[in-house]
> 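Take this structure first; my questions come after.
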Amino acid sequence: MTLPRSFYDRPTLQVARDLIGKVLVHRSRAGDTSGVIVECEAYIGEEDPACHASAGRTRRTAPLYGPPGHAYVYFNYGMHYLVNAVTEAEGTPAAVLLRALEPLDGVEIMRRRRARGTLRRPEAFKPHELCRGPGNLTCALGIGRAHNLGDLTSGGLVIEDRGLGSFPLGWGQRIGIRVGTDRPWRVFVPGHPAVSGPPSRSRRA
DNA sequence: CGTTCGATGCACT
DNA sequence: GTGCATCGAACGT
């Protein structure tokens with residue numbers, strides 16, 4: 001079932017925690033792609049220096065101030081789209097950045113998208129690297145500008161509860177930011193091969 | 001193993 | 001003009 005708007009209309013850290021194990025689905029012309037969310041990060045309010053809303057309400061950050069359950073998609077470093085789920089009541093700027101998925105449906109489509117424009121062949125991608133990292137997962141699912149402000153509770157890009165059960169949770173510092181690094185607002189499935197960041201110590205045999 | 005660094009577009013001041 | 005919520009190739013150890 002698709003997550004209802006009330007799921008997102010809650011404290012952002014709770015939403016981030018509960019998004020682990022849910023499924024991001026994109027139904028596109030090329031076919032359906034989906035994956036289990038195994039890593040995400042909370043960005044909360046104008047007082048969070050890493051949150052885009054710290055710059056106040058601008059054309060870029062307007063989606064953060066909008067109603068919960070919508071997508072905030074933006075373009076970064078000149079080459080990557082990043083997708084967030086907007087949380088909390090309208091007027092309260094906050095969101096959860098989706099950082100990694102375990103691929104479920106459409107793995108071959110993901111391979112083709114990831115390989116496009118590279119020298120690497122599609123079949124060279126291992127499943128767990130297809131959606132590891134926020135820029136990689138949007139590439140694999142074909143998420144772009146057009147999805148900004150889209151409704152995650154209905155339409156082509158949605159988040160579903162497929163009853164996959166509970167996952168072990170780890171919390172830590174957010175990755176790739178230069179300010180607000182003290183807040184432990186990153187949630188992930190410890191040791192999962194699709195999780196981004198430095199390889200876990202426990203990976204050694 | 002580890003770290004560094006270039007590519008690349010755009011919103012914002 | 002500046003600075004990114006990144007990625008992966010290219011180094012050094």
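By convention in this document, chain letters (A, B, ...) are assigned in the order of the sequence lines, proteins followed by strands, and residues within each chain are numbered from 1. Computation of the quantities below employed the complete heavy-atom set of this structure, encompassing side-chain atoms and omitting hydrogens, waters and symmetry-equivalent molecules.
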> Within the structure, does a side-chain N or O atom of A/R132 lie under 4.0 Å from either OP1 or OP2 of C/dC7?
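For C/dC7, neither OP1 nor OP2 has a side-chain N or O of A/R132 closer than 4.0 Å.
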> Would you mind reading off the distance between A/L97 atom CG and C/dC4 atom C1', rounded to a whole angstrom?
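Result: 14 Å.
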> Just to be sure I understand the rule, does A/R174 reach a base, reach only the sugar-phosphate, or reach nothing, if contact means heavy atoms closer than 4.0 Å?
nothing
> Which nucleotide in the set B/dC10, C/dT6, C/dC4 lies at the smallest distance from any side-chain heavy atom of A/P134?
C/dT6
> Using atom CG of A/L130 as one end and atom P of C/dT6 as the other, report the distance to the nearest whole Å.
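Those two atoms, CG and P, are 19 Å apart.
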> Taking CZ from A/R120 and P from C/dC7, how many angstroms apart are they, rounded to a whole number?
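After rounding, the gap between these two atoms is 13 Å.
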> OP1, OP2 of B/dA11 versus side-chain N and O of A/N76: anything below 4.0 Å?
no
> Which part of the nucleic acid does A/R145 contact within heavy-atom distance under 4.0 Å: base, sugar-phosphate only, or nothing?
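Sugar-phosphate: the residue A/R145, judged by heavy atoms under 4.0 Å, touches backbone atoms but no base.
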> Would you mind classifying the nucleic acid contact of A/G135 as base, sugar-phosphate or nothing, using non-hydrogen atoms under 4.0 angstrom?
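Contact class for A/G135: sugar-phosphate only.
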> For side chain to side chain contact (heavy atoms under 4.5 Å, CB included), just list the numbers for A/R60 and A/H52, CA-CA rounded to whole Å, side-chain angles, deciding distance to a tenth of an Å, and then say yes or no.
CA-CA 9 Å; A/R60 183 202 202 193; A/H52 288 173; 3.7 Å; yes
> Atom CG of A/L64 to atom P of C/dA5: distance rounded to whole Å?
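From A/L64 CG to C/dA5 P: 12 Å.
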> Please report, rounded to the nearest Å, how far the P atom of C/dC4 is from the OH atom of A/Y72.
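Checked: the OH to P distance equals 14 Å.
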> Rounded to whole angstrom units, what separation is found between the CG atom of A/L82 and the P atom of B/dC10?
15 Å
> Indicate yes or no for a side-chain donor-acceptor contact from A/D151 to the backbone of A/T153 under 3.5 Å, with no hydrogens or angles considered.
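Side chain of A/D151 to backbone of A/T153, a donor-acceptor pair under 3.5 Å: yes, one is there.
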> By the 4.0 Å heavy-atom rule, please label A/N136 as base, sugar-phosphate, or nothing.
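Counting heavy atoms under 4.0 Å across all strands, the contact made by A/N136 is with sugar-phosphate only.
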> Look at A/E102 together with A/K126 and state whether they make a salt bridge at an N to O cut-off of under 4.0 Å.
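Not counted as a salt bridge, because no side-chain N and carboxylate O are separated by less than 4.0 Å.
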> Check the phosphate of B/dT8 against A/H80, side-chain N and O only, distance under 4.0 Å to OP1 or OP2. Yes or no?
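Answer is no, no contact under 4.0 Å.
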> Would A/Y77 count as stacking on B/dG9 if stacking means ring centres less than 5.5 angstrom apart and planes tilted under 30 degrees?
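No, A/Y77 does not stack on the base of B/dG9.
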> What interatomic distance, in whole Å, is found between C1' of C/dG8 and the corresponding atom of B/dC10?
22 Å
> If I take atom CZ in residue A/F75 and atom P in nucleotide B/dA7, what distance separates them, rounded to the nearest angstrom?
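Atom-to-atom, A/F75 to B/dA7, this comes out as 16 Å.
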> Testing the 3.5 Å rule here: is there a donor-acceptor pair between the side chains of A/E39 and A/S196?
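Indeed, the side chains of A/E39 and A/S196 share at least one donor-acceptor pair under 3.5 Å.
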> Would you mind reading off the distance between A/Y81 atom OH and B/dC10 atom C1', rounded to a whole angstrom?
10 Å
> Can you tell me the Watson-Crick or wobble partner of C/dG1, both distances under 3.5 angstrom?
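By the stated definition (distances under 3.5 Å), B/dC12 pairs with C/dG1.
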> Between C/dA5, B/dA11, C/dT6, which nucleotide gets closest to the side-chain atoms of A/R59?
B/dA11
> Report yes or no: is the cationic atom of A/R5 (NZ for Lys, CZ for Arg) closer than 6.0 Å to the six-membered ring centre of A/Y8, at no more than 45° off its axis?
no
> Quick one: closest heavy-atom pair of A/D105 and A/R162, and the distance?
OD2-NH1, 3.3 Å
> Taking the nucleotide of DNA chain B with the nearest heavy atom to each, does A/G78 or A/R60 sit closer to the 5' end?
A/G78
> Give one of base, sugar-phosphate or nothing for A/R114, where a contact means two heavy atoms less than 4.0 Å apart.
sugar-phosphate
